[in-house]
Amino acid sequence: VQLQASGGGLVQAGGSLRLSCVASGRTFRSYTMGWFRQAPGKERESVAAIMWSGDWTYYADSVKGRFTISRDNTENTVYLQMNSLKPEDTAVYYCAAGSGAPSGRGTDYDYWGQGTLVTVSS
């Protein structure tokens, strides 16, 4: 599985962005998909994840109520809608694919995209 993330950019605090991650391969619909992020000088952290069926999701506490993960298995795409963005959301965002239940553990994911930069100005 190859993953291509896009949609990052510069936005003011309080604004919104939607990230997309397109996957290659016919088995996309069988994978749990996750979003992670890494800010400069910090460790990678989980953001959200969604089960292959779309009916089970996981969110990090820091983004609950502001971010929404969704997927379109017909388009091999997973999305991350980010609202009410804060400067502390600034990071490179990565999408990942794994075969287990949605989780925030990076080790549960087997495939990773190249990342897309989100910058939130104050």
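All residue numbers refer to positions in the sequence shown, counting from 1.
The heavy-atom pair separating V63 from V47 by the smallest distance is CG2-O, 3.4 Å. Closest non-hydrogen pair, M51 versus T32, comes out as CA-OG1, 3.9 Å. S121 approaches L10 most closely through the heavy-atom pair CB-CD1, 4.3 Å. Nearest heavy atoms, I50 versus S70: CD1-CA, 3.8 Å. The two residues L3 and A96 make their nearest non-hydrogen contact at CD1-CA, 3.7 Å. Taking each heavy atom of W56 and A101 in turn, the nearest pair found is CZ3-CB, 3.7 Å.
Distance check: Y93 OH to T116 OG1 gives 10.5 Å after rounding to the nearest 0.5 Å. In this structure, K64 NZ and R66 CZ are separated by 13.0 Å, a value rounded to the nearest 0.5 Å. Residue C21 holds its SG atom at 4.5 Å from CE of M33, rounded to the nearest 0.5 Å.
Annotation: side-chain contact (heavy atoms from CB on, under 4.5 Å) contacts of E88 (sequence neighbours excluded): K86.
Note that R71 lies in the cation-pi zone of F28, set by a 6.0 Å cut-off to the ring centre and a 45° limit from the axis.
R44 CZ: more than 12 foreign heavy atoms inside a 6.0 Å radius. Counting heavy atoms of neighbouring residues, nucleotides and ligands inside a 6.0 Å radius, atom CD of Q38 exceeds 12 of them.
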- request: For M82 and S16, run side chain to side chain contact (heavy atoms under 4.5 Å, CB included): C-alpha distance rounded to whole Å, both residues' side-chain angles, the deciding distance at 0.1 Å, then the answer.
  value: CA-CA 5 Å; M82 305 186 296; S16 298; over 6 Å; no
message: side chain to side chain donor-acceptor pair (under 3.5 Å) for D72 and T77? Distances and angles first, verdict last.
response: CA-CA 5 Å; D72 184 342; T77 303; over 6 Å; no
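Neither F67 nor Y79 shares a network with the other; the hydrophobic side chains, linked directly or stepwise wherever heavy atoms of I, L, V, M, F, W or Y lie under 4.5 Å apart, form separate groups for each. Taking hydrophobic clusters as Ile, Leu, Val, Met, Phe, Trp and Tyr residues chained together by side-chain heavy-atom distances below 4.5 Å, Y111 shares a cluster with I69. Put simply, V78 and Y59 are part of the same group of oily side chains (I, L, V, M, F, W, Y) that touch within less than 4.5 Å, one to the next.
Remark: the backbone N or O of A23 is paired with a side-chain donor or acceptor of N76 at under 3.5 angstrom. Side chain of S20 to main chain of S6: no donor-acceptor pair is present (N/O by atom type, distance under 3.5 Å, no hydrogens or angles). Side-chain N or O atoms of S122 include none that pairs as donor or acceptor with a backbone N or O of P87 at under 3.5 Å. Under the 3.5 Å distance criterion, the side-chain polar atoms of N73 are matched with a main-chain donor or acceptor of W52.
A donor-acceptor contact under 3.5 angstrom links the side chains of S46 and Y58, judged on distance only.
Inter-residue side-chain proximity for R37 and D89 is flagged as met; some heavy-atom pair is nearer than 4.5 Å. Side-chain contact check for Q114 versus Q4: some heavy-atom pair is nearer than 4.5 Å. Using a 4.5 Å heavy-atom cutoff, the side chains of L19 and V118 are in contact.
Clustering of Ile, Leu, Val, Met, Phe, Trp and Tyr by side-chain heavy atoms under 4.5 Å joins F36 with V92, Y94, Y109, W112, L117.
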